[in-house]
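In what follows, a structure is listed as structure tokens, so that the remarks can point back to it.
Residue numbers count from 1 along this sequence.
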Amino acid sequence: MTESDPVRVLVVDDQQLVREGIASLLDIQPGVTVVGTASDGKAAVDAAVELQPHVVLMDVRMPEMDGVEATAILHRRAPQVRVVMLTTFDDEEYVLQALHAGAAGYLLKDLPAAALAQAVRLVNAGVAQLDFSITASLAATLASDGARFVAPPPTPRPDPVLTTREIDILGLIATGATNREIASRLFLSEGTVKNHISRILGRLRLRDRTQAALYARDHGLLPDR
């Protein structure tokens, strides 16, 4: 795909009116083309394997197979396809389950079409997308000792060696701290923090800050309050 090529999108929703409405509105946005639709998770997996979209907009609650299960299967069968959950449900458990399944974003359906198209373009460029309204609550959930969501065991991987400073930064990422806030707390420059984060993502083979936050929570690396 070159920079001038449109982002190929598959729209998945069990409600025909919603599915067709999203597809129609998105298809007229610049830099985006809708290559197909599907009405449930099983059909979504089959369509994604056949049509090879760049991005799948996936509803959460659907018959036959829900969006989270479909995302997990797609993550294994077509890891190059990026999945964004597009739903009316902002429940923290859904968010965490979707991210653990391999979703690259979680957005709510009240987005304007232009904003949704921009999110699709950003996800295709490798930038994870989380709806602003759920970001703060997600950070609080990740930092909470009593979080309701029980994460599945992490995928086995070689045990990377992180420095004490990198562990500190990883834990602060999980609290939702920005680079500036991390720099202020650890008495570092923002540039140094960015370099540390790049090394952390590379060593842990993580895609972005969201996956880093989930990794920190799963491995007990949250900072003491």
Side-chain angles (χ1 to χ4, degrees), residues 6-124 127-135 137-138 141 148-152 207 210-211 214:
V7 181
R8 294 165 54 84
V9 179
L10 174 68
V11 178
V12 184
D13 198 290
D14 64 325
Q15 297 185 42
Q16 183 177 358
L17 186 61
V18 173
R19 181 174 68 248
E20 293 180 352
I22 293 172
S24 297
L25 290 172
L26 198 56
D27 203 34
I28 62 175
Q29 299 299 315
V32 177
T33 183
V34 176
V35 296
T37 64
S39 60
D40 60 65
K42 185 178 183 302
V45 172
D46 293 339
V49 171
E50 177 185 355
L51 299 173
Q52 291 295 303
H54 300 118
V55 177
V56 175
L57 294 178
M58 183 85 73
D59 193 14
V60 173
R61 290 186 179 178
M62 294 182 292
E64 298 294 331
M65 180 187 295
D66 67 27
V68 173
E69 184 180 355
T71 297
I73 294 173
L74 263 180
H75 193 56
R76 295 192 300 269
R77 293 184 59 185
Q80 76 282 2
V81 177
R82 294 182 168 92
V83 179
V84 176
M85 314 308 292
L86 184 63
T87 178
T88 57
F89 302 103
D90 59 356
D91 186 280
E92 293 164 7
E93 291 189 17
Y94 281 136
V95 179
L96 290 167
Q97 288 171 5
L99 295 176
H100 273 295
Y106 197 104
L107 300 172
L108 301 182
K109 288 179 180 176
D110 58 358
L111 273 179
L116 180 58
Q118 176 66 358
V120 164
R121 291 189 290 266
L122 287 172
V123 165
N124 186 60
V127 182
Q129 298 293 296
L130 284 178
D131 193 276
F132 179 78
S133 67
I134 64 175
T135 302
S137 61
L138 176 60
T141 299
R148 292 172 294 149
F149 177 74
V150 178
R207 185 175 58 232
T210 301
Q211 285 196 345
L214 293 169

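A70 meets the side-chain contact (heavy atoms from CB on, under 4.5 Å) test with V45, M58, M65; sequence neighbours excluded. Shown here are the side-chain hydrogen bond (donor to acceptor under 3.5 Å, both in side chains) partners of R121, two or more places apart in sequence or in another chain: Q118. Under the rule for a side-chain hydrogen bond (donor to acceptor under 3.5 Å, both in side chains), the partners of E20 that lie at least two apart in sequence or sit in another chain are Q16.
With values rounded to the nearest 0.5 angstrom, D27 atom CG is found 11.0 Å from T37 atom OG1. Rounding to the nearest 0.5 Å places CG of L99 at 5.5 Å from CG of L214.
Panel note: side chain R82, backbone A104; no donor-acceptor pair is recorded below 3.5 Å.
The closest side-chain heavy-atom distance from D14 to D40 is not below 4.5 Å. The shortest distance between side-chain heavy atoms of V84 and L107 falls below 4.5 Å. Proximity of L57 to L116: side-chain heavy atoms (C-beta onward) are separated by under 4.5 Å at one or more points. For the pair T33 and R8, the minimum side-chain heavy-atom distance is below 4.5 Å. In this structure, the side chains of D59 and K109 come closer than 4.5 Å at one or more pairs of heavy atoms.
The minimum heavy-atom distance between A103 and T71, with the atom names listed, is N-CG2, 3.7 Å.
Tested against L86 for a side-chain contact (heavy atoms from CB on, under 4.5 Å), the candidates D13, I22, V11, V60 yield a single pass: I22.
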